[in-house]
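Here the structure is laid out as structure tokens; the discussion comes afterwards.
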Amino acid sequence: MQGAAAVAALIDRLRNDGYDVQGPTVRDGAIAYEHIESAHELPAGWSDTQEPGSYRLVKRDDGALFQYGPAAQSWKRLLSPPVETILRVERTANGIRFVDEPRAVPRYAFVGVRSCDLHAMRSLETALAADPAVKQRREAAFIVVVNCGRSVSTCFCASMGTGPRASGGFDLALTELLEGGQRYLAESGSTRGAALLESLDSQRAREGDIAQAARAVDEAASQQQSRTLATEGLRDVLYAAEASPQWERVAARCTACGACTMVCPTCFCTNIADSSDVTGLTASRVKLWDSCFNLEFSYIHGGSVRRSGAARYRQWITHKLAYWTEQFDTHGCVGCGRCITWCPVGIDIVAEARAAAQGGSHESS
């Protein structure tokens, strides 16, 4: 597929086929996934730098569309919305009536999904198996993956086995090639993906382009060598570190703001809130995103189970990297690095896991 015009044609075709296209765009000084009408809204010529507690947009000298790290938001908000009404109660002349709210299943097209987020979608779907709407939304979505050609400093998907190249579960996969002119190597991953690709103005890939795509993905993986998480035996290591002094050290920095859980593509904690209108004629039950960093989240009659910040951080990281493997046979972390970038004090899950494993002998930065 030649140049940005090919991506524009792809987006136009998806919109003509009735999809609500969601893709990367620049908003409020960051790249975020939003509804887009055309390829003109993509972050052409923009990249970013991400460090612990730091995010900056960077202008490029070319028209590259996908040379940035994980966006500020994940696709989770479209699969499991942060606020969702699940039940209404109405007072009528004949008594009380319970009304189940229909669970919306929009016909989304996700453009620009990274391999780490693709793994996160599968993990979220598994964790929320009791909520069929999550799976229905994911299956209804047309997924266009972009294989990573660069990594930011907070990425560690290579060590988690979740990237930077997508291995399946998509409809189309694109690799952006910049050497010798901007173009895109496209691969179909489903029947509907193959049909859409056939309808576009494309040509069979040349061996040189295939080799360049492989080099780009390999380069993205090599850029993560300074941030790796050794997962073998990590579950037992974290269980053994229950009393590690590192939890108190990290708690001294952690503000318990919950930002890490909000940007995480797999965190699934929710709360239920009931409310009624001023007339008393209707009431509603709403499901809301919640966070295990909130003191009230573990409240049981008599008080919260995890009163200290150390206990709450230990619960979060141990669930991600230990309990999750017992529950769902995979890690709850996909190595996207969002929790590192968007933590206001730059707490690094990789450094904290290492420190806990070493009995707190390593001070995280």
Side-chain angles (χ1 to χ4, degrees), residues 1-12 21-75 77 110-117 144-158 163-166 173-186 209 212-213 215-227 259 263 265 335-344 346 348:
M1 297 170 61
Q2 294 296 319
V7 177
L10 169 62
I11 291 174
D12 290 343
V21 179
Q22 302 279 331
T25 190
V26 175
R27 193 196 70 178
D28 298 332
I31 294 173
Y33 299 129
E34 299 286 347
H35 170 80
I36 58 175
E37 294 288 333
S38 72
H40 294 296
E41 297 176 71
L42 296 175
W46 285 102
S47 186
D48 56 12
T49 59
Q50 299 188 37
E51 303 284 346
S54 174
Y55 179 99
R56 293 289 184 275
L57 279 179
V58 177
K59 190 64 178 172
R60 296 174 59 92
D61 58 5
D62 57 22
L65 300 177
F66 301 109
Q67 297 299 310
Y68 54 85
Q73 301 164 309
S74 73
W75 305 94
R77 69 180 184 85
F110 298 155
V111 176
V113 176
R114 302 307 173 112
S115 179
C116 60
D117 279 342
V144 181
V145 163
V146 173
N147 292 317
C148 297
R150 66 180 288 269
S151 296
V152 294
S153 76
T154 50
C155 291
F156 58 102
C157 66
R165 176 183 174 82
L174 305 179
T175 306
E176 188 170 46
L177 307 178
L178 300 174
E179 296 177 18
Q182 186 179 6
R183 59 205 185 281
Y184 296 87
L185 184 70
D209 288 339
Q212 186 183 150
R215 288 197 302 273
V217 174
D218 288 345
E219 175 62 20
S222 70
Q223 291 168 357
Q224 299 180 26
Q225 291 179 359
S226 61
R227 190 180 302 280
V263 298
C336 69
R338 286 183 178 92
C339 61
I340 305 173
T341 297
W342 296 101
C343 173
D348 181 344

### Side-chain donor/acceptor of Arg183 to backbone N/O of Glu179, under 3.5 Å
yes
### Message
Nearest 0.5 angstrom please: Lys59 NZ to Trp46 CH2, how far?
### Response
5.0 Å
### Message
Nearest 0.5 Å, please: how far is CG in Leu10 from CG in Leu174?
### Response
6.5 Å
### Flag if over 12 foreign heavy atoms under 6.0 Å of NE2, His35
yes
### Query
Within the distance-only criterion (no hydrogens, no angle test), does the side chain of Asp48 pair as donor or acceptor with the backbone N or O of Gly69 below 3.5 angstrom?
yes
### Message
Checking the side chain of Thr175 only, and the main-chain atoms of Ala213 only, is there a donor and an acceptor separated by less than 3.5 Å?
### Response
no
### Message
Within 45 degrees of the ring normal and closer than 6.0 Å to the centroid, is that where the cationic atom of Arg114 sits relative to Tyr68?
### Response
yes
### Query
Which pair of non-hydrogen atoms, one from Ala72 and one from Trp342, has the smallest distance, and what is that distance?
CB-CZ2, 3.6 Å
### Query
In Å, rounded to the nearest 0.5 Å, how long is the span from CD of Glu37 to CD1 of Ile11?
10.5 Å
### Query
Should the pair Glu34-Arg77 be classified as a salt bridge under the 4.0 Å nitrogen-to-oxygen rule?
yes
### Task
May I ask you to say whether Glu51 pairs ionically with Arg56, meaning some side-chain N is under 4.0 Å from a carboxylate O?
no
### Query
Side chains of Tyr184 and Glu176: is there a donor and an acceptor less than 3.5 Å apart?
yes
### Query
With no hydrogens and no angle check, is any side-chain donor or acceptor of Gln223 less than 3.5 Å from a backbone partner on Ser151?
yes
### Message
To the nearest 0.5 Å, what is the distance between CZ on Phe156 and CD on Gln224?
### Response
9.0 Å
#### Entry: OH-OG1 distance between Tyr55 and Thr154, expressed to the nearest 0.5 angstrom
10.5 Å
### Message
Can a donor-acceptor pair be found, under 3.5 Å and without considering hydrogens, that links the side chain of Gln182 to the backbone of Leu177?
### Response
no
### Between CD1 on residue Ile31 and OG1 on residue Thr25, distance to nearest 0.5 Å
9.0 Å
### Message
Taking the basic N atoms (NZ, or NE/NH1/NH2) and the acidic carboxylate oxygens, is any pair closer than 4.0 Å for Arg150 and Glu219?
### Response
no
#### Entry: Closest contact, heavy atoms only, Ala259 versus Pro344
CB-CD, 4.4 Å
### Message
Please check this pair: side chain of Ser153 against backbone of Gln50, looking for a donor-acceptor N/O pair closer than 3.5 Å.
### Response
yes
### Backbone of Arg165 reached by a side-chain donor or acceptor of Ser115 within 3.5 Å
yes
